[in-house]
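Here is how names work: the chains are called A, B, and so on, in the same order as the sequence lines, proteins then strands, and each is numbered from 1.
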Amino acid sequence: AQSVAQPEDQVNVAEGNPLTVKCTYSVSGNPYLFWYVQYPNRGLQFLLKYITGDNLVKGSYGFEAEFNKSQTSFHLKKPSALVSDSALYFCAVRDMTTGFQKLVFGTGTRLLVSP
Amino acid sequence: GAGVSQSPSNKVTEKGKDVELRCDPISGHTALYWYRQRLGQGLEFLIYFQGNSAPDKSGLPSDRFSAERTGESVSTLTIQRTQQEDSAVYLCASSFPGTSGYEQYFGPGTRLTVT
């Protein structure tokens, strides 16, 4: 089955410092990978995706993610964190094993950016 | 344009009662998904609609759960004889298959509390 793992429940970083939120995947075939962010009492917002092409994907709000096939990773990064980036981040992979598309999500990583 | 909307935003119900949750997808999005998010956990896939048909119901946890979609638009998720373990946030998402991204756009969710 397709799956993603987010090994960190929480990531703490000081404002202005670079941040990384980790995600590894396990899929058969080519992975379609996504990052979403969830602010309190809000739905999920799409940040970025990797389908094919360049391994460095740029997304919303200054976020980017690096696809690494050999390490089966898709880590989310930002060069300079903002306090407003504090939220819950989910990595997801497209699952077509039933013949129909759905997303399989990781358990989420809480990012806390301190002033 | 308008995003995915869900109603009600919050629902408190007594154990054993039936509830209906509504989702209005983005206009023109033919694919619609329901997910469940339990407190502190990731998202669980429930059901996928393509048009008014539900080819993938593999995530529905029991026969107390059902969903329908009409007019290739509004969808209703019904939970009969609610149990306390049904307490969660129910998220709806829509997408337009055939675009390059397959990303899903989420509504704000309905928080269901079963007392």
Side-chain angles (χ1 to χ4, degrees), chain A residues 1-10 21 23 25 27 29-54 57-60 63 65 87-110, chain B residues 2-10 21 23-26 29-51 53-60 88-111 113:
Chain A
Q2 321 286 58
S3 65
V4 290
Q6 295 182 244
E8 304 154 316
D9 290 337
Q10 182 163 313
V21 182
C23 173
Y25 65 88
V27 302
N30 295 320
Y32 285 30
L33 295 159
F34 304 83
W35 275 102
Y36 284 82
V37 59
Q38 187 177 35
Y39 297 100
N41 300 315
R42 302 273 294 275
L44 275 69
Q45 296 180 30
F46 169 74
L47 277 180
L48 51 79
K49 66 191 178 196
Y50 173 82
I51 305 297
T52 186
D54 289 342
V57 178
K58 294 189 182 296
S60 305
F63 284 93
L88 190 57
Y89 290 80
F90 290 96
C91 181
V93 64
R94 188 178 75 136
D95 183 354
M96 291 286 290
T97 53
T98 61
F100 303 101
Q101 175 184 258
K102 61 177 178 277
L103 293 179
V104 174
F105 287 84
T107 52
T109 298
R110 187 166 301 281
Chain B
V4 178
S5 61
Q6 293 185 246
S7 60
S9 56
N10 281 284
L21 312 180
C23 172
D24 282 89
I26 293 172
H29 279 193
T30 56
L32 186 147
Y33 310 79
W34 284 98
Y35 294 87
R36 178 170 70 178
Q37 184 178 24
R38 289 194 165 122
L39 185 64
Q41 298 185 23
L43 277 71
E44 303 171 68
F45 167 79
L46 297 178
I47 188 170
Y48 157 64
F49 285 92
Q50 178 56 43
S53 300
D56 189 350
K57 307 178 183 179
S58 61
L60 294 179
V89 176
Y90 290 82
L91 291 162
C92 174
S94 68
S95 70
F96 186 65
T99 60
S100 62
Y102 301 97
E103 60 264 30
Q104 297 175 16
Y105 295 88
F106 284 79
T110 293
R111 183 176 298 278
T113 304

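Outside the 6.0 Å centre-distance limit, the rings of B:F106 and A:F90 are not counted as a close aromatic pair.
For chain A, the nearby parts of B:Q104 are the backbone and the side chain; heavy atoms of each come within less than 4.5 Å. Proximity to chain B (any heavy atom under 4.5 Å) is restricted, for A:Q38, to the side chain, taken from C-beta onward. At a 4.5 Å heavy-atom cutoff, B:S9 makes no contact with chain A through either its backbone or its side chain. Of the atoms belonging to B:Q6, not a single heavy atom falls under 4.5 Å from chain A. Interface remark: B:L43 contributes backbone and side-chain atoms alike to the contact with chain A (heavy atom separation under 4.5 Å).
The closest side-chain heavy-atom distance from A:Y25 to A:Q2 is not below 4.5 Å.
Considering all non-hydrogen atoms of both residues, A:F34 and A:Y32 come closest at CE1-O, 3.5 Å.
Considering CG of B:L46 and CZ of B:R36, their distance stands at 6.0 Å, rounded to 0.5 Å.
Counting only N and O atoms by type, the side chains of B:T30 and B:Q50 include a donor and acceptor under 3.5 Å apart.
Among B:E44, B:R111, B:Q37, the residue making the largest number of heavy-atom pairs under 4.5 Å with chain A is B:Q37.
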